[in-house]
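Working notes, structure below.
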Amino acid sequence: MSASPPIVVIARLLLPAGLESLRARYEVREGGLDVTREQLLELVPGAAALVADPTVPVDAELLNACGEQLRVVANFAVGYDNIDLAACAERRVIVTNTPEVLTEATAELALALTLAAARRMSDAERDLRAGRWRGLEPAAYLGLELRGATVGVVGLGRIGGRYAALVSSVGAEVLYTGHNPKPEAERELGARRLELGELLAASDVVSLHAPSAPETHHLIGEAELELIGPEGVLVNTARGSLVDAEALAGALERGTLGGAGLDVYEDEPDVPASLLAAPRCVLLPHIGSATVTSRNAMARLVAENVIAVLEGREPPDPVG
Ligand code: DGY
């Protein structure tokens, strides 16, 4: 009698680009987009692999529910702040992510949000749709031109680096923060490294590309927003926890911050009511990596990581 195949649990949903190769080898169980925590806890017992995404907290309780045969948690994302790495390590569970393949998509979205927020596109579109447009208004919706603007990149990693190259290509000057100097960006883009406070004060646009971690929690609060100032724009495509949302909404409301473009929120999918009501604020539903190319490649990478671990090989993208 042949042994039954290992069980792979997809906590929510995986695109066919990755799902099919998993289905061909394993017993695959899927939670679906609206899976509740209770349903997930009932779905995972016996799993050898768990496929998660940023909305799925992978903690000790979920790992225990999976059982001792769990070998890998494969995250459908480059960020893995939803996963308790220590709890995985204690249980000798390998964690993987999907780097590189979403760099371009996310950097492009950060550029799109920069332009949308700098040019007040949300307010303008809302007014047009509501029938409030009175024809070309010489003094309305005046925004910031990116050419000649100073853009501060907080975290010049893969995505931040690509975003810096994109804004530089339209003529912006690039500043950056980070633990280490980036000689290549300094050489090729003329980027200058500054301390966070100096960067915030000197930038017309500040774009966040740092990971979520205890030391980056509410990195941008009231004092930092004041440094960016009434003409400045804040863009966040990294993680919601980097920004104190109430402070941000207050600054937009008072006009002490020029504008904001957000793709991520601290408690997704909840978006604070104060942000929904705030002026000069473009809000997107975490679509940084949402291109056909990127999402298919992420799904393939998830499957490759799962298959590698279950076949006893080193996965391409281990983290932690
Ligand atoms: C990531 O990969 O971390 C993104 O936020 C998902 O789109």
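For ligands, and for the atoms within them, numbers begin at 1 and follow the listed sequence. Only a predicted model underlies this, so the values are computations on that prediction, with no experimental measurement involved.
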Could you list each N/O atom of ligand 1 together with any protein N/O atom closer than 3.5 Å, one pair per line with the distance?
from     : atom 1 : to     : atom 2 : distance (Å)
ligand 1 : 2 (O)  : Val78  : N      : 2.6
ligand 1 : 3 (O)  : Val78  : N      : 3.4
ligand 1 : 3 (O)  : Gly79  : N      : 2.9
ligand 1 : 3 (O)  : Arg239 : NH1    : 3.4
ligand 1 : 3 (O)  : Arg239 : NH2    : 2.7
ligand 1 : 5 (O)  : Arg239 : NH1    : 2.8
ligand 1 : 5 (O)  : His286 : NE2    : 2.6
ligand 1 : 7 (O)  : Ser289 : OG     : 2.8

Original post:
Less than 4.5 Å apart, any side-chain heavy atom of Leu200 and any of Leu196?
Top reply: yes
query: Any chance the side chains of Glu246 and Ser274 put a donor and an acceptor closer than 3.5 Å?
result: yes
Does one side chain, of Arg193 or Asn180, offer a donor that lies under 3.5 Å from an acceptor on the other?
no
- Message: Looking only at side-chain N and O atoms, does Tyr163 offer a donor or acceptor that is under 3.5 Å from a partner on Glu108?
- Response: no
Tightest non-hydrogen contact, residues Pro230 and Gly255, listed as CB-O, 3.4 Å
Which of Asn305, Thr98, Asn82, Asp317 passes side chain to side chain donor-acceptor pair (under 3.5 Å) with Asn75? Answer is Asn82
